[in-house]
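I have placed the structure first, in the form of structure tokens, so that the comments after it can refer back to it.
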Amino acid sequence: MGLGRFGCHLATSLTQLDHDVLAIDRGAGQVQRWSQYLERVVQADATEEGALRQLGVTGFRRVVVAIGASVEASVLTVLALTELGVPQIWARATSDKHAKILASVGAHHVIFPEAETGERVAHLIVSKMLDFIEFGDDFAIAKVRVPDTLVGRPLRELAPADRYGVMVVGAKLPGERFRYADPATVLTAGSVLVVEGSIVQVQRFASLT
């Protein structure tokens with residue numbers, strides 16, 4: 001629901017993952033623009049329960065309300081989906097207050113795409129990490145280049161985890177695909193590691209590169 005920047009990227013990504021996607025937006029321009037990229041795009045008012053029922057939305061297990069420009073439309077859409085009994089409602093929030101309202105009217109999952117992306121990019125800018133995902137309780141997974149001091153040495157030398165403060169989950173050697181960490185794997189120049197640990201630990205490990 002909602003074909004703004006976030007909604008469009010989400011819909012196309014789900015389509016590429018071979019999922020059946022129905023995209024809905026009240027704007028004729030957006031519907032026309034994205035009809036060439038998405039198999040099913042419909043112009044409709046997502047706040048109207050009757051319209052959603054006619055479009056067969058009740059047959060979908062998951063619905064994402066990606067509306068960000070109008071808090072009212074976002075909340076009314078979630079409310080309509082709740083009334084229809086949709087099993088999983090994901091909703092985009094633009095503020096903490098918006099998030100509370102969405103949850104109170106029935107959203108099962110509330111997301112902050114702009115805030116989450118901004119925080120992730122901030123970590124990448126100020127560190128040498130190639131990619132970064134933060135979880136709750138000060139835990140993170142990061143993609144980093146192998147430090148020069150570890151080139152030519154097997155992964156077993158990174159264990160135990162307290163030696164460097166991180167646990168290596170996977171490794172990608174030049175010209176090869178990512179694979180689970182193998183203690184016997186010898187790291188070569190240009191290798192990339194996936195490591196887990198606290199935010200401070202993964203940043204410190206990345207700084208060794």
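- Phe6 places a side-chain heavy atom less than 4.5 Å from the side chain of Ile111.
- In plain terms, the two heavy atoms of Val31 and Val42 that are nearest each other are CG2-O, 3.7 Å.
- Residues Leu102 and Ser74 come closest through the heavy atom pair CD2-OG, 3.4 Å.
- The salt bridge (Lys or Arg N to Asp or Glu O under 4.0 Å) check on Asp20 picks up Arg40, with sequence neighbours excluded.
- Under a hydrophobic-cluster definition in which Ile, Leu, Val, Met, Phe, Trp and Tyr are linked whenever side-chain heavy atoms come within less than 4.5 Å, directly or via other members, Leu208 and Leu187 are assigned to the same cluster.
- The number of heavy atoms from other shown groups lying within 6.0 Å of OH (Tyr37) does not exceed 12.
- A donor-acceptor contact shorter than 3.5 Å links the side chain of Gln201 to the backbone of Ser198.
- Panel note: side chain Gln43, backbone Gly27; no donor-acceptor pair is recorded below 3.5 Å.
- With 3.5 Å as the limit, one finds a donor-acceptor pair spanning the side chains of Thr188 and Ser191.
- In summary, Lys172 and Glu176 do not engage in a salt bridge, as defined by a charged side-chain N under 4.0 Å from a carboxylate O.
- The shortest non-hydrogen separation linking Lys128 to Ala206 is CB-O, 3.5 Å.
- Side-chain contact annotation: Gln36 with Trp34, donor-acceptor N/O pair under 3.5 Å absent.
- Considering every non-hydrogen atom in both Leu3 and Cys8, the closest pair reads O-SG, 3.1 Å.
- His19 contributes no side-chain N or O that, together with a main-chain N or O of Leu14, makes up a donor-acceptor pair within less than 3.5 Å.
- Heavy-atom minimum distance, Ala91 versus Ala107: CB-CB, 4.1 Å.
- No more than 12 heavy atoms of other residues, nucleotides or ligands shown are found within 6.0 angstrom of CG on Asp96.
- The environment of Gln32 atom CD is sparse: at most 12 non-hydrogen atoms of other residues, nucleotides or ligands sit within 6.0 angstrom.
- Side chain of Thr15 to main chain of Leu38: no donor-acceptor pair is present (N/O by atom type, distance under 3.5 Å, no hydrogens or angles).
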